[in-house]
Amino acid sequence: MARQNGIIKLKGTIGGISFYKTADGHLAREKGGVDKSRIANDPAFQRTRENGAEFGTAGKGGKLVRNAIRILLQNAKDKRVVSRLTTDLLKIVKTDTTNERGLRTVQDGNLALLEGFEFNLNGKLGATLFTPFTEVFARPTGEAVLSIAPFAPTIRIGAPAGTTHFKIVMGAAEIDFAAETSVFESDETAVLPYDSSDTAQIDLMAALTANSVLPVIQVLGIEFYQEVNGTMYPLKNGSYNALSVVDVDIV
């Protein structure tokens, strides 16, 4: 793999060299590898086919999770969130002890490993919110509740420079990885001043399906704002907003 440094950046294939753009810039590499039909049929590539199938399963699972929480994710994500989430879900697929290799699934793996996943490495929740919170999911009612006791924002939140206000958001997603469907609800505080005065008690609630047998993923995030002439603007286009998986509830 080589980096393109010229003024004109190429895309496509020329003389067996593929030119393409990534998050790391414009790159180039030589085309090659084993013929696609051989990988698909040769017994020697059985492990490769199994690995590819499970990678695809993890990729579909990641897309399902991202689509489920898209309302919150669009305000708090980094450029590598797709690949990072796929990598973590592939680790979960590999913990499936029920199905054969190549047929292992996300839902039969240890989904608890997803707890703590940060959707934005530029603004991690673990390096932003320094006050305790509690989260509870009641399957009989389908209610996901997150509570935070009163706290002083300037002491308990590590906000980026220029912050004048913030908002805390919470969401819960009930995900059917087999059917590739989801149910999502969210709640949020008002836009609050970033100062030294204690907030009120914060109680956020999202209502999902009562008595569901599907895994439920709960996320918590913080969005930062700057007030200019009475108008709230997302600080630096939300690049430092935090969003993290704080609970995974499984039957």
Closest approach of Glu227 to Gly230 (non-hydrogen atoms, all atoms of both residues)
OE2-CA, 3.5 Å
Considering non-hydrogen atoms only, spot the tightest contact between Ala206 and Ala172 and give its length.
CB-CB, 4.1 Å
Does either side chain, that of Glu223 or that of Tyr225, offer a donor lying less than 3.5 Å from an acceptor on the other one?
yes
Do Met170 and Val191 share a hydrophobic cluster, counting only Ile, Leu, Val, Met, Phe, Trp and Tyr and linking them when any side-chain heavy atoms are less than 4.5 Å apart?
no
Heavy-atom side-chain proximity of Arg139 to Asp249 below 4.5 angstrom
yes
Which heavy atom in Phe184 sits nearest to a heavy atom in Gly171, and how many Å separate them?
CE1-CA, 3.8 Å
Do you reckon Val82 sits in the same ILVMFWY cluster as Phe117, going by side-chain contacts under 4.5 Å, direct or chained?
yes
From CG (Leu89) to CG (Leu113), nearest 0.5 Å:
10.0 Å
Side-chain contact, heavy-atom cut-off 4.5 Å: Thr95 with Lys91?
no
Under a single-linkage definition using a 4.5 Å side-chain heavy-atom cutoff for Ile, Leu, Val, Met, Phe, Trp and Tyr, are Val106 and Leu64 assigned to the same hydrophobic cluster?
yes
Do Glu135 and Leu220 have side chains that approach each other closer than 4.5 Å (heavy atoms only, starting at C-beta)?
no
Ile175 and side chain to side chain contact (heavy atoms under 4.5 Å, CB included): which partner among Val65, Ile69, Leu214?
Val65
Exam field: side chain Ser182 to backbone Ala173, donor-acceptor pair closer than 3.5 Å
no
So, Arg101 and Glu50, do they make that salt bridge, N to O below 4.0 Å?
yes
Within the supplied structure, the quantity of interest is the number of heavy atoms (other residues, nucleotides, ligands) at a distance under 6.0 Å from Ile71 CD1; does it exceed 12?
no
Could you give the distance from CG (Asn241) to CG (Leu235), rounded to the nearest 0.5 Å?
8.0 Å
If hydrophobic clusters are built by linking Ile, Leu, Val, Met, Phe, Trp and Tyr wherever their side-chain heavy atoms come under 4.5 Å apart, do Val245 and Val93 end up in the same one?
yes
Is the count of non-hydrogen atoms from other residues, nucleotides or ligands lying under 6.0 Å from Lys167 atom NZ greater than 12?
yes
Rounding to 0.5 Å, atoms CE (Met205) and OG1 (Thr141) come to a distance of 8.5 Å
Measuring from Thr164:OG1 to Asp195:CG, what's the distance to the nearest 0.5 Å?
10.5 Å
For side-chain contact (heavy atoms from CB on, under 4.5 Å), just list the numbers for Phe55 and Thr86, CA-CA rounded to whole Å, side-chain angles, deciding distance to a tenth of an Å, and then say yes or no.
CA-CA 8 Å; Phe55 182 82; Thr86 298; 3.9 Å; yes
Would you find more than 12 non-hydrogen atoms of other residues, nucleotides or ligands less than 6.0 Å from Phe151 atom CZ?
yes
Measure the spacing between CD of Glu185 and CG of Leu204 and express it to the nearest 0.5 Å.
13.5 Å
Checking the side chain of Glu54 only, and the main-chain atoms of Gly102 only, is there a donor and an acceptor separated by less than 3.5 Å?
yes
For Glu100, does the CD atom have more than 12 heavy-atom neighbours from other residues, nucleotides or ligands under 6.0 Å away?
no
Could you measure the distance from the CD1 atom of Ile92 to the OG1 atom of Thr105? Nearest 0.5 Å is fine.
11.0 Å
Could you walk me through whether Asn120 and Leu243 pass the side-chain contact (heavy atoms from CB on, under 4.5 Å) check?
CA-CA 7 Å; Asn120 184 13; Leu243 186 67; 6.0 Å; no
Would you say Arg84 and Leu121 make side-chain contact, with heavy atoms under 4.5 Å?
yes
Does the pair Tyr240 and Thr163 meet the rule for a side-chain contact (heavy atoms from CB on, under 4.5 Å), with working shown?
CA-CA 11 Å; Tyr240 293 105; Thr163 298; over 6 Å; no
Would Ser147 and Gln201 satisfy side-chain contact (heavy atoms from CB on, under 4.5 Å), going step by step from the backbone distance to the final call?
CA-CA 8 Å; Ser147 300; Gln201 168 78 19; 3.8 Å; yes
Do Asp247 and Glu115 come close enough that some side-chain heavy atom pair is under 4.5 Å?
yes
Heavy-atom nearest pair, Arg104 first then Asp96, reads CA-OD2, 3.2 Å
For the student: nearest non-hydrogen atoms of Ser212 and Glu174, plus distance:
OG-OE2, 3.1 Å
Plane angle bin for Phe166 and Tyr194 - parallel if under 30°, tilted between 30 and 60°, otherwise perpendicular
perpendicular
Does Ile148 reach the side chain of Thr199, with side-chain heavy atoms less than 4.5 Å apart?
no
Within the structure provided, determine whether Leu129 and Ile157 are in side-chain contact (heavy-atom separation under 4.5 Å).
yes
Heavy-atom side-chain proximity of Leu72 to Phe119 below 4.5 angstrom:
no
Taking all non-hydrogen atoms of both residues, which atom of Ser244 and which atom of Glu118 are closest, and how far apart?
CB-OE1, 3.5 Å
Would a single hydrophobic cluster contain both Val169 and Val183, if residues Ile, Leu, Val, Met, Phe, Trp and Tyr are joined by side-chain heavy-atom contacts under 4.5 Å?
no
Distance-only, no hydrogens or angles: does the Asn237 side chain make a donor-acceptor pair with backbone N or O of Ser239 under 3.5 Å?
no
